[in-house]
2 protein chains.
Amino acid sequence: MVNSRFSVAIHILSLIATTSDKSQLTSDFIAGSVNTNPVVVRRMIGVLKKAGLLTSQPGIAGYELLVEPKDLTLLALYHAIDGPEQLFAIHDEPNPDCTVGRKIQRTLEGVYTSVWHAMEEQLQAQTLQDVLDQLR
Amino acid sequence: MVNSRFSVAIHILSLIATTSDKSQLTSDFIAGSVNTNPVVVRRMIGVLKKAGLLTSQPGIAGYELLVEPKDLTLLALYHAIDGPEQLFAIHDEPNPDCTVGRKIQRTLEGVYTSVWHAMEEQLQAQTLQDVLDQLR
DNA sequence: ACCTGTTGTAACTAGTATAGTTACAGGTTT
DNA sequence: AAACCTGTAACTATACTAGTTACAACAGGT
């Protein structure tokens with residue numbers, strides 16, 4: 001199973017999108033909602049900042065979204081947090097002297113690409129706004 | 001990224017399906033093609049045996065498929081090797097006193113379920129025979 | 001000026017998963 | 001008996017995740 005960073009990122013962005021009192025939005029407050037450590041939150045927010053999804057200023061409480069929730073697809077978010085592009089690992093260096101070993105990697109890549117593509121379509125079809133709607 | 005066991009399982013089954021000389025099919029031989037340790041192969045084969053996909057006998061070289069490659073979908077194989085049902089981890093115990101924290105888990109489950117379902121469809125659409133065809 | 005509270009990072013740690021390895025009991029064949 | 005095999009338990013190296021401590025730098029109030 002893939003790590004929980006994608007889940008945490010969605011949680012953080014949801015909180016920022018729905019909290020009107022920005023001064024309340026400290027990494028400590030967010031960590032209290034996510035149930036993790038403030039540093040974990042700040043670390044993830046650093047990634048989201050680099051991706052241009054939000055802003056913040058050192059020393060000042062509060063984060064601000066730079067994108068409209070309806071314009072942020074979960075696929076874009078997935079790419080922003082640099083989740084794995086490959087879902088399934090392929091074993092290294094199968095034996096090239098073997099009929100199967102010689103072509104298995106390319107074959108598996110094809111299989112996994114089709115699977116990954118189907119996943120991408122689902123992530124593309126859902127936005128942060130859809131998540132917010134379901135949180136009401 | 002998910003582990004490489006699914007890839008190794010497909011590799012093993014492909015070898016068994018395409019090797020006519022069964023006495024050649026030792027865990028050592030298979031490990032040489034996959035490029036891993038014979039024990040890793042026997043371990044995986046133990047799982048596939050329990051799932052009823054193949055047979056073998058202690059002391060005797062050779063494995064035999066119990067299913068027709070065209071009847072074995074990659075989804076069935078995936079379930080057989082007990083890969084993770086959930087793709088993305090959801091963080092534990094978000095704060096129930098928070099509007100977002102209270103509903104985030106259920107919401108994320110919905111999102112991930114739709115993604116997982118798309119994946120299942122792709123895996124269901126491909127069989128071991130399809131893999132064998134691509135290996136030629 | 002100082003104190004408190006904040007962000008942003010680096011560095012370390014505990015826990016866990018993966019895959020490789022060693023070892024060995026027990027079956028089979030010659 | 002010897003050589004080979006399967007099946008399994010147990011240990012190890014490596015890597016990743018998430019939690020944690022620590023601290024530099026910044027902001028705002030008193």
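Convention: sequence-line order gives letters A, B, ...; per-chain numbering from 1.
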For the pair made of [atom1] in [X] and [atom2] in [N], what is the distance, rounded to whole Å?
X	N	atom1	atom2	value
B/Glu93	D/dG19	CD	P	11 Å
A/Gln57	C/dT6	CD	P	16 Å
B/Leu54	D/dT6	CG	C1'	13 Å
A/Ile12	C/dG8	CD1	P	12 Å
A/Ile30	C/dG8	CD1	C1'	14 Å
A/Asp28	C/dT4	CG	C1'	14 Å
A/Met44	C/dT9	CE	P	15 Å
A/Lys22	C/dG5	NZ	P	23 Å

side-chain N/O [X] vs [N] OP1/OP2, d < 4.0 Å:
X	N	answer
A/Ser4	D/dA18	yes
A/Lys49	C/dT7	no
B/Thr36	C/dA19	no

Let's see if you can work this out: which of [options] has an atom nearest to the side-chain heavy atoms of [X]?
X	options	value
A/Arg42	C/dT7, D/dG7, D/dA18	C/dT7
A/Ser27	C/dT7, D/dT6, C/dG8	C/dT7
B/Asn3	C/dA19, D/dC5, C/dG20	C/dA19
A/Ile60	C/dA19, D/dA27, D/dC26	D/dA27
A/Pro58	D/dA18, C/dG8, C/dT6	C/dG8

If you look at every strand shown and take non-hydrogen atoms under 4.0 Å, does [X] touch a base, only sugar-phosphate, or nothing?
X	result
A/Phe29	nothing
B/Asn37	base
B/Lys50	nothing

(message) Between A/Lys49 and A/Thr55, is there a side-chain heavy-atom distance shorter than 4.5 Å?
(response) no
How about [X] and [Y]: does a side-chain donor come under 3.5 Å of a side-chain acceptor?
X	Y	result
A/Ser23	A/Asp21	yes
A/Tyr112	B/Ser7	yes
B/His11	B/Ser33	yes
B/Asp130	B/Gln134	no

(message) Quick check: A/Tyr63 with A/Phe29 (ring centres under 6.0 Å apart)?
(response) no
(request) Would you please test B/Gln126 and B/Thr73 for side-chain contact (heavy atoms from CB on, under 4.5 Å) and show each step? (result) CA-CA 6 Å; B/Gln126 301 184 67; B/Thr73 67; over 6 Å; no
(request) Starting from the 5' end of DNA chain D, give me the residue, A/Asn35 or B/Gly62, whose nearest nucleotide shows up first. (result) B/Gly62
So which protein nitrogen or oxygen atoms get under 3.5 Å of nucleotides 9-15 of chain D's nitrogens or oxygens?
from   : atom 1 : to      : atom 2 : distance (Å)
D/dA10 : N6     : B/Arg43 : NH1    : 3.1

(message) Surrounding CD of B/Gln24 (heavy atoms of other residues, nucleotides or ligands, distance under 6.0 Å), is the total greater than 12?
(response) yes
